[in-house]
Amino acid sequence: MGFDQYHEPPDELPATTRTFARLCASLTEEAEALGWYEQRIAVETDSQALAIMRDAQGEEFKHFSMDLEFLLRRTPPWREVAQGILFQEGDIVERGEEAEAEAFDGGGSGSEGSYEDGSLGIGSLRGAPR
Amino acid sequence: MNHLLRSHAPISDAGWELLDAEARERLTSALAARKLIDFSGPHGWDHSATNLGRTEALAKAPSAGVSARKRRVLELVELRADFELSRAELQDADRGADDADLKALDEAAHQIAVAENVAVFHGWQGAITGIGEASPHEQVKLGASTEGYPRQVAGAVEQLLCSGITGPYGLALGREQYRTVVETAEHGGYPLLDHLGKILEGPIVWAPGVKGAVVLSLRGGDFVFESGQDLSIGWDSHDGEVVRLYLQESFSFHVATPEAAVALKP
C-alpha cells in the first residue's frame, strides 16, 4: 500500500521522478485532509472541538502549500502555468486558458529563454539515456 | 531582461527556439556527470558560494576577550564557451531552411560539457576537487584489452562494498573506453555492455573528457553538483555578418564521501 503512488516499476524510475511522485501523493493526502476537516467543522457544535479542528486544518493549509511550492519549483512548465492562474484577479477559467496557451503554444524559448532564469533548463540528468 | 541580454541579439523567437533546442540536445548527450551525481539548484546567477558548514580559526579577534572564527565556503566557478553564428544562416532558418549551419554552437556545447565532466571527475586545479583525485582507493589500470574490464569493474564494486558503500553503482567511461565496450561481445556473443551493467546494477554513461573510467555509488548524498546559473545561451555582440553568443554556467562541486568512488586508469 505504501508504494501505490508508483504506476511504473520503482526500480526503473529515476530518483527525481520517485521524489516527484512522493510529493504528488503527499499533496493529494493534504487536499483530502483539508476536505475532511472542512466537513467536520461544518457539523461540529462543541466550540473547543471546533477550535482544535480549525488549528489542525491550518496545519494542512501549510503542508499543502509547501508540497505545491516544491513541485512547482521542480517543474518549470507547471510553474509557468500556475503563475498565470494563482493569485490573479478575474475569471479563473480564462486565466487558465491564457496561461496554458502562453506556456505551451506561443510561449517558451524566444529571447527570454524557455525557463524563468533564461537557462536551457537541463538540470539533473539522473535517469536520462546514456 | 536578465544578465544574458538575449533580447539584444538580432535573433527571432523561432531562431532562439532553434538554438536552445540544438544546445539542449548536444549538451544532454555529453553531460555525463549529471547522469550519475546529485544535482542541487539552480540557485541563480547571483548565488556565489556553497555552505560547507565548516570554519577556520582566526588568529586575532577585533578586540580583547573574544575568540573569532571564519566560515569556510566553496566558491562557485563559471564556465563560458564563446561561439559565433552567421546571421544569414539564422535568417535562412527563419525562412524554413532545416539545415542551418550551427556547427560553432555544437562545438561550444561539446567543449563546455567536456569541461564540466573533467572538473567533476578529475578536478580543476585551484577550483574543484574531482571524484577521482578525492578517492582514497588505489587507481587500478583498465588495460588495453577489454577482456579485463569485467574483472576491474567487479573489483571496483567489491572495493566500494568493503568500504560500506552500497549500490546501485554507475560507470562513467571515457570516449575510447566507451567505444571499445559497446563494440565488444565476449565469448559466446554476450555484449560486454550488458555484462558490465549486470555487475553495476546501474547505468553506464558516455563521458567525453574522462580518462579511463570511474565507478561510483548512485545511492545519493556522496557527490553534490550545486548549480548557480544552469547552462544558458547569452548574447555578447553582433555586426552585420555574425552574432556572437556564448554558453555559460556557474556551479560548485563537492565530494562528501571520497570513498564512494573508484577511478580506473586508461
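So that the names make sense, note that chain A is the first sequence line, chain B the second, and so on, each numbered from 1.
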side-chain hydrogen bond (donor to acceptor under 3.5 Å, both in side chains) for B:Glu226 and B:Thr50? Distances and angles first, verdict last.
CA-CA 7 Å; B:Glu226 187 169 291; B:Thr50 301; 2.9 Å; yes
What part of [X] gets closer than 4.5 Å to chain A, counting heavy atoms only: side chain, backbone, both or neither?
{"X": "B:Leu4", "result": "side chain"}
{"X": "B:Pro42", "result": "side chain"}
{"X": "B:Leu247", "result": "side chain"}

For the aromatic rings, using the six-membered ring if either is Trp, is the centroid distance between B:Phe39 and B:Phe225 under 6.0 Å?
yes
Show the nearest heavy-atom pair for residues B:Ala261 and B:Leu216, with the distance to one decimal.
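So the minimum-distance heavy-atom pair works out to CB-CB, 3.8 Å.
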Could you state the interatomic distance from CZ (B:Phe223) to OG1 (B:Thr257), rounded to the nearest 0.5 Å?
6.5 Å
Chain A interface, residue from B:Leu19, B:Ile37, B:Ile233 that has the most non-hydrogen pairs under 4.5 Å
B:Ile37
